[in-house]
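Take a look at the structure set out below.
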Amino acid sequence: MTEKTIRIAAIGLGNRTCKYLRFVKKNPSMATLTAIADSDRQRLLAVQERFGLEDNACFTSPDEFFSTVKDVDICIIGTPDKYHYDMTVRALANGWNVLLEKPMAQEADECRKIAELSQQTGLMVSVCYVLRYHPYFVKMKELTTRPDLGRILSVRHVERVGIDRTTHTYVRGPWTYKEMHTSMFFSKCCHDVDFVLWLTGNDVRTVSSFKEGRPFDPSLAPKGAANRCICCSKEGNCRYSAVDLYLRRRDWIKGFIPYPDEEERDTILRMLSESRFGRCVYNCTDTDAVDRQTVVLEMESRIRSEIVMECITEEDNRLTEIQCENAVISGDETTITVRFKDGREDESYDFSWTKGLGYHANADFHIIEDLITAVASGRKELRTSAADAVVSHIVCLKADNHPA
Ligand SMILES: NC(=O)c1ccc[n+]([C@@H]2O[C@H](COP(=O)([O-])OP(=O)(O)OC[C@H]3O[C@@H](n4cnc5c(N)ncnc54)[C@H](O)[C@@H]3O)[C@@H](O)[C@H]2O)c1
């Protein structure tokens, strides 16, 4: 139970923020949206309309948003990675708690600074490591604390990104704007690094990283392939076809906002003909996507963890195997199995029920709810504090040979 209605402001009204705002909309007694900002007027108008906000609560300029808006308890920051640090510093300076999309910042010093400011001001920054609120991952964590399983010896965790996510997000799409975003591993797997550190503790001694191959290259394109799928004679036989993904399967199209009075099909055809999303994957030379990246962590506690990112996979899920002294815990996001080394009967936990839920099995709602209830009640602990999130960011930066 919250004790007051929490006032929420939000900047960057894209895919992620709209998920958190869905929680706000459904829980008016807990929280109310009071101000919004997005540099894209269409996105701004869509949220303004949904929440019935006055014009003077809606901003296309971040400067005006941060200098004009008053009386905010929590600011949601869901802009591209590049803006996270500056906007968080401004929100904290305004006295606002922050729900901050990951990565919290792009540089190690910026991450440390956010954690420091949060501590100095007493304001909370919840970094959106939603796996810590996902029932399957919470169960994994709980199992590793069971005394009868013994201490953790090693962890192997594989993030299978999946073909559609890889081609949409990291090969054709927004993550190829390098000035806006961090590397693919940082962006996709900081969650995974955080999850592994949540299990093992934060005492990382060494980080080693191995990158293997590029998933697409002009030299690998089928002979005669065109630059755009929509006019390519090979399109019908290509697993990476943009026409198939967006037009036939109507997948990954939420970001394609139609012009007023435009039909969805016409929007998709326009995107296929004109935008970066219609390009042949083999000709997307501006991507840093890799086939596979393996990051090995050696901990002071002698636990060894391996985190693998695999891109061209049919499945889009995570596999984990945790070797403990007395048992092996393994899971594929659908089932968790505990196999005991002393011959005791296996334990099995079914999480197939989380599959259809969406919103990271509602973890997206739990994370904002946790922050809202913390602010309302004066509770100061969060499962995903800025201080806790710094180490996983530093690991990702080191994995990319970036100063950390
Ligand atoms: N926690 C997770 O599981 C998860 C998953 C995907 C993405 N993310 C992170 O969430 C963030 C947003 O991703 P998304 O998929 O929602 O992107 P998106 O493109 O759907 O949304 C970003 C929004 O920010 C707006 N914007 C861009 N520059 C702006 C500026 N200067 N001022 C105000 N608004 C601006 C855009 O117009 C857009 O509406 C990214 O940092 C991404 O890394 C987190």
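All ligand and atom numbering here is 1-based and tracks the order in the structure. This one's a predicted model, so the numbers in the text were calculated from it and none came from an experiment.
One N or O on the side chain of Tyr136 and one on the backbone of Asp332 form a donor-acceptor pair closer than 3.5 Å.
With ligand atoms numbered from 1 in the order given, ligand 1 contributes 41 (O) to contacts under 4.0 Å with heavy atoms of His84. Less than 4.0 angstrom separates some heavy atom of Lys102 from each of these atoms of ligand 1: 1 (N), 2 (C), 4 (C), 9 (C), 41 (O), 42 (C), 43 (O), 44 (C). Taking every heavy atom of Asn15 and a limit of under 4.0 angstrom, the matching atoms of ligand 1 come to 15 (O), 16 (O), 20 (O). In summary, the atoms of ligand 1 found under 4.0 Å from a heavy atom of Thr79, numbered by their order in the structure, are 11 (C), 12 (C), 24 (O), 33 (C), 34 (N), 35 (C), 40 (C), 41 (O).
For the pair Pro103 and ligand 1, the shortest N or O to N or O distance does not fall below 3.5 Å. The distance criterion of under 3.5 Å between nitrogen or oxygen atoms is met by Glu101 with respect to ligand 1. Residue-to-ligand polar distances keep Thr17 apart from ligand 1: every N/O pair is separated by 3.5 Å or more.
The residues Asp73 and Lys4 are annotated as salt-bridged, a charged nitrogen and a carboxylate oxygen being separated by less than 4.0 angstrom. Using a cut-off of 4.0 Å between Lys/Arg side-chain N and Asp/Glu carboxylate O, Asp346 and Arg339 are scored as not salt-bridged. Ion pairing between a basic and an acidic side chain is recognised when a charged N comes within 4.0 Å of a carboxylate O; Asp291 and Arg214 show no such pairing. Using a 4.0 Å cut-off between a side-chain N of Lys or Arg and a carboxylate O of Asp or Glu, Lys139 and Asp350 do not qualify as a salt bridge. Taking the charged nitrogens against the carboxylate oxygens, Arg43 and Asp38 have no contact shorter than 4.0 Å, which rules out a salt bridge. Arg156 has no carboxylate O lying under 4.0 Å from a charged side-chain N of Glu321, or vice versa, which leaves the two without a salt bridge.
Across Arg16, His191, Lys188, heavy-atom proximity to atom 8 (N) of ligand 1 is greatest for Arg16. Selection from Thr384, Thr169, Leu13, Asp38 by nearest heavy atom to atom 39 (O) of ligand 1 gives Asp38. With Ala46, Ala37, Ser39, Gly14 as candidates, the residue nearest to atom 30 (C) of ligand 1 on a non-hydrogen basis is Ser39. Across the listed options Gly12, Pro62, Gly78, Gly78 owns the non-hydrogen atom lying nearest to atom 22 (C) of ligand 1.
At most 12 non-hydrogen atoms from other residues, nucleotides or ligands lie less than 6.0 angstrom from NZ of Lys398.
Neither side chain, Asn317 nor Glu159, offers a donor N or O lying under 3.5 Å from an acceptor on the other.
Under a 4.0 angstrom heavy-atom cut-off, Met87 registers as being in contact with ligand 1. Residue contact annotation: Gly255 has no non-hydrogen atom under 4.0 Å from ligand 1. Ligand 1 has no atom lying under 4.0 Å from any heavy atom of Ser187.
Residue-level proximity to ligand 1 for Tyr83 is carried by the side chain, the only part with a heavy atom below 4.0 angstrom. Contacts of His360 with ligand 1, taken as heavy-atom pairs under 4.0 Å, involve the side chain alone.
A side-chain contact (heavy atoms from CB on, under 4.5 Å) with Leu297 holds for exactly one of Thr200, Asp203, Ile303, Leu197; it is Leu197.
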